Protein chains: 4
Amino acid sequence: MRRNKPKYKQIIEAAVVVIAENGYHQAQISKIARQAGVADGTIYLYFKNKEDVLLSVFREKMAMFVEKINEAIAEKETAADKLFVMIENHFRILSEDKNLAIVTQLELRQSDKQLRYKINEVLKDYLQVLDHILEYGKEQGEFSAGLDTRLARQMIFGTMDETATTWVLNEHKYDLISLAPQVHGLILHGCKANGKLSK
Amino acid sequence: MRRNKPKYKQIIEAAVVVIAENGYHQAQISKIARQAGVADGTIYLYFKNKEDVLLSVFREKMAMFVEKINEAIAEKETAADKLFVMIENHFRILSEDKNLAIVTQLELRQSDKQLRYKINEVLKDYLQVLDHILEYGKEQGEFSAGLDTRLARQMIFGTMDETATTWVLNEHKYDLISLAPQVHGLILHGCKANGKLSK
Amino acid sequence: MRRNKPKYKQIIEAAVVVIAENGYHQAQISKIARQAGVADGTIYLYFKNKEDVLLSVFREKMAMFVEKINEAIAEKETAADKLFVMIENHFRILSEDKNLAIVTQLELRQSDKQLRYKINEVLKDYLQVLDHILEYGKEQGEFSAGLDTRLARQMIFGTMDETATTWVLNEHKYDLISLAPQVHGLILHGCKANGKLSK
Amino acid sequence: MRRNKPKYKQIIEAAVVVIAENGYHQAQISKIARQAGVADGTIYLYFKNKEDVLLSVFREKMAMFVEKINEAIAEKETAADKLFVMIENHFRILSEDKNLAIVTQLELRQSDKQLRYKINEVLKDYLQVLDHILEYGKEQGEFSAGLDTRLARQMIFGTMDETATTWVLNEHKYDLISLAPQVHGLILHGCKANGKLSK
DNA sequence: TATGAATGAGGGTTCATTCAT
DNA sequence: TATGAATGAACCCTCATTCAT
């Protein structure tokens, strides 16, 4: 199994660094090879082609995302709490690896439609975690029974994603993790003034 | 003034069609020229370079977005209503021009960092419309006083954008406009079951 | 006759300025037209094509060269004196119009082989002036009877030309005209130490 | 070291042929590659860009010029003899490689100002050989003590260059090498009839 | 496995020239 | 005569991929 060999990971990590430092369109195979300390041709022993390298970057990182977040979620009881740790961990992982944040929020989006579709397939694993929380919340009566899971998932992911992208575009100059409580609040209660406060 | 000449608009419209049909990276100047019914060189009488064509596509379309939405908003009294017509019109404009939807939701995002930054500058006009609604809602007591405008704006835009992108990725196979009420509800009240309403 | 109309001269002078300021390859018809204060198309009412403009620049200027130099030569008696005023005037004309110097010594040489051949045809008028001086000198016994006119002409023209070109490449930072006596001396006597002087 | 690899020389030689046969402005990289029997891209493994190819042609050939001429000069005792073998070898090298003659005398002069300056830098090595002969001749009392080295160098180089260019423009239809003695004579003694000295 | 030299397709842009007004 | 908007051909260079070693 190629994916377990050390050079596989080595190339993936090199790709993240090269893309973050040079941008998507300047991330040539030769640069990735040099960063990984292998020859250009060697990359083709581990990956089918360049698209496969980029997709693998996303796949590996997303798997890590899902794993970490599933762990964190499991420890919480309520859907609201699960949602909170999901948001917080989403922000934390990006905060802890700024290169990864640049790559996923800005650079990989420059890939063409074909790769975008494949990336969206991989993303589904992550979105399912969200769906599970939403279904669980509805079952428990925490979330509104009439909630459309797909729409709610789009709201939550769209909000987290837009928040993270804005943070990267602002060159990480404020703390992303500390926005988690407010984002959580917005997602749970929306913008509307709630009864007591607005009175 | 070049921008008022008929060929200017003609080239912009041709660019939308070509990008939608061929994808960002396959939208060569020669294809756009052919679609517009002009010679390749003519494009350079109206635009500085290819990037200028693409940025102008976004600028012209976004101006149209802002204009239409400002008109619609002006007719409404409450912030909640303004927000509703904004969401509905955002979805309506994309629904009415599927090529435009493909271009703004998928293709133009493949532009490189430099163009992305310029596009983001143009986008600010649109985001400001959102900010005005949010501020207005807070003034009127409709929206919670403690609402962070920037975060709320990111939530709203992120939600609309993610909803629209998912719709495009699903090849417009369901009705986007009819999602507006639910999206509006989510943005106003969030996911949380609200005692009285859920009864 | 087109060549006597004011716009003909106007375009020629504009071409000299544009070529001197922008270089041969950056001397587009549109720049020359703008400098001359006419429309692009107007140039084609006076010249067959761009090559014709450039060749005409050379032809007009060379005619002026020949005329001025013939006048100066006529006043002198000996071949040596005629040669001296030729060298001095050659240097003087270039010194008095630095743009012309740049154009003839550097820029027009970048023209392609076809134009070079035509320019060489025009140059023949000038070289004939030299030939006449040489023949006259031989007749008068001033110049060595065995002198090969063509070779001597190449030596004289080559020397003047190389001297002028080096001066232009050095950005006119020394006085060209004052080199005339030494150049004259070299051409007459060569490098060799002459008996009496070397004693 | 790239310059020692066989393909480097191979591309240089191909460039000389292509430029001589097609002219400077028609010497496309693709033609040079085809002539060299390599792919277009291969040229860019050995040269930075097209200008680098052209400059290298001149640099390599000029180095050969300087080397051959230095060898020939070293064998001679007097400055006059050194000068003679320099002229003869200058003419001989061009005579032996007619393509090279076309390239250096006509085509490379069409390069733009930037490349011209770089070519002039390379040419300095050659001109220094001339300077050394002139200085040596003055030391030995062979050449006139008051000789201005720079001017004399310009005369000699200008004469040789003009003679060679005229020969190329006349399509090599007479023998260039056999002109060397007369050119040598002209350079040494000038045009002037030297009654007594010539006895 | 690993190397890295060689390949070759593909496109934005310029500008001399034309021609309807 | 004069205009200037429109034309469209032409080319350097990059880089993903291959394959002989």
Side-chain angles (χ1 to χ4, degrees), chain A residues 2 5-8 11 25-34 36-54, chain B residues 2 5-8 11 25-34 36-54, chain C residues 2 5-8 11 25-34 36-54, chain D residues 2 5-8 11 25-34 36-54:
Chain A
R2 282 189 174 145
K5 299 211 175 156
K7 285 201 177 158
Y8 179 84
I11 292 166
H25 292 292
Q26 285 305 308
Q28 295 88 350
I29 284 289
S30 58
K31 270 194 195 140
I32 295 173
R34 202 180 319 127
V38 301
D40 293 18
T42 304
I43 290 187
Y44 290 84
L45 299 174
Y46 293 88
F47 300 90
K48 212 163 74 250
N49 50 33
K50 188 179 178 181
E51 184 186 74
D52 188 29
V53 177
L54 300 174
Chain B
R2 284 195 171 139
K5 297 202 177 161
K7 290 211 172 144
Y8 180 83
I11 292 165
H25 292 292
Q26 284 307 306
Q28 294 92 347
I29 284 289
S30 57
K31 272 191 194 143
I32 296 173
R34 203 180 317 128
V38 299
D40 292 19
T42 304
I43 290 187
Y44 290 87
L45 297 176
Y46 295 89
F47 300 90
K48 218 165 67 250
N49 49 34
K50 187 179 177 181
E51 185 189 52
D52 189 30
V53 176
L54 302 173
Chain C
R2 281 188 177 149
K5 299 210 176 159
K7 283 199 180 161
Y8 180 83
I11 291 165
H25 291 292
Q26 285 305 307
Q28 295 89 351
I29 284 289
S30 59
K31 269 193 195 139
I32 295 173
R34 203 181 315 130
V38 301
D40 292 20
T42 304
I43 290 186
Y44 289 85
L45 298 175
Y46 293 88
F47 300 89
K48 212 162 74 250
N49 50 33
K50 187 179 178 180
E51 184 186 73
D52 188 29
V53 176
L54 301 173
Chain D
R2 286 200 169 135
K5 298 202 177 161
K7 291 213 170 143
Y8 179 83
I11 292 165
H25 292 292
Q26 285 304 309
Q28 294 91 346
I29 284 289
S30 57
K31 274 192 193 139
I32 297 173
R34 203 180 316 128
V38 299
D40 291 19
T42 304
I43 291 187
Y44 292 87
L45 296 176
Y46 294 89
F47 301 89
K48 216 165 64 251
N49 49 35
K50 187 180 177 180
E51 187 190 328
D52 190 29
V53 176
L54 301 173

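Numbers restart at 1 for each chain; the letters A, B, ... are given by sequence-line order, proteins then strands. All of these numbers come straight from a predicted model, not from anything done at the bench.
Counting to the nearest Å, the P atom of F:dT14 and the NZ atom of D:Lys48 are 11 Å from each other. Rounded to an integer number of Å, the gap from CD1 of C:Ile43 to P of F:dG4 is 13 Å. Summarising the geometry, the separation between CZ on C:Phe47 and P on F:dA2 is reported as 13 Å, rounded to the nearest angstrom. Atom CZ of D:Arg34 is separated from atom C1' of F:dC11 by 13 Å (rounded to the nearest Å). With rounding to whole Å, D:Leu45 atom CG is found 14 Å from E:dG4 atom P. Per the geometry, NE2 belonging to D:His25 stands 17 Å off C1' belonging to F:dA9, to the nearest Å. E:dA5 atom P lies 19 Å from atom CG of D:Asp40, rounded to whole Å. Remark: P of E:dA16 and CG of C:Leu54 are 9 Å apart, rounded to the nearest angstrom.
Between B:Tyr44 and the phosphate of F:dT7, there is no side-chain N or O to OP1/OP2 separation shorter than 4.0 Å. The side chain of B:Tyr46 contributes no N or O atom lying less than 4.0 Å from OP1 or OP2 of F:dA5. The shortest distance between the side-chain N/O atoms of C:Thr42 and the OP1/OP2 oxygens of F:dT3 is below 4.0 Å. Listed pair C:Lys7 / F:dA2 meets the phosphate criterion, a side-chain N or O lying under 4.0 Å from OP1 or OP2.
A:Lys7 contributes no side-chain N or O that, together with a main-chain N or O of A:Tyr46, makes up a donor-acceptor pair within less than 3.5 Å. Side-chain atoms of B:Lys50 come within 3.5 Å of backbone N or O of B:Ala27 as a donor-acceptor pair.
Checked against F:dT3, F:dA16, F:dG8, the side chain of B:Ala39 finds its nearest nucleotide in F:dG8. Checking E:dA16, F:dT1, F:dT17 against the side-chain heavy atoms of C:Lys5 singles out F:dT1 as nearest. Candidate nucleotides F:dT17, F:dC12, E:dA16 were compared by shortest atom distance to the side chain of D:Lys50, and F:dC12 ranks first.
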The test is side chain to side chain contact (heavy atoms under 4.5 Å, CB included); show your working for D:Arg34 and D:Gln28 and say whether it passes. CA-CA 10 Å; D:Arg34 203 180 316 128; D:Gln28 294 91 346; over 6 Å; no

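B:Phe47 pairs with exactly one of B:Asn49, B:Ile43, B:Leu45 by the side-chain contact (heavy atoms from CB on, under 4.5 Å) rule, that one being B:Ile43.
Across all strands shown, D:Ile29 has heavy atoms under 4.0 Å from sugar-phosphate atoms exclusively, and none from any base.
In this structure, the separation between CD1 on A:Ile32 and CG on A:Asp40 is 10.0 Å, given to the nearest 0.5 Å.
Remark on DNA chain E: of its neighbouring residues B:Gln26 and C:Gln28, the 5'-side contact belongs to B:Gln26, judged by nearest-heavy-atom nucleotide. Between B:Ala27 and C:Ser30, it is B:Ala27 whose nearest contact on DNA chain E lies nearer the 5' terminus.
Summarising the base pairing, F:dA6 is matched to E:dT17 through a Watson-Crick or G-U wobble pair whose two defining distances lie under 3.5 Å.
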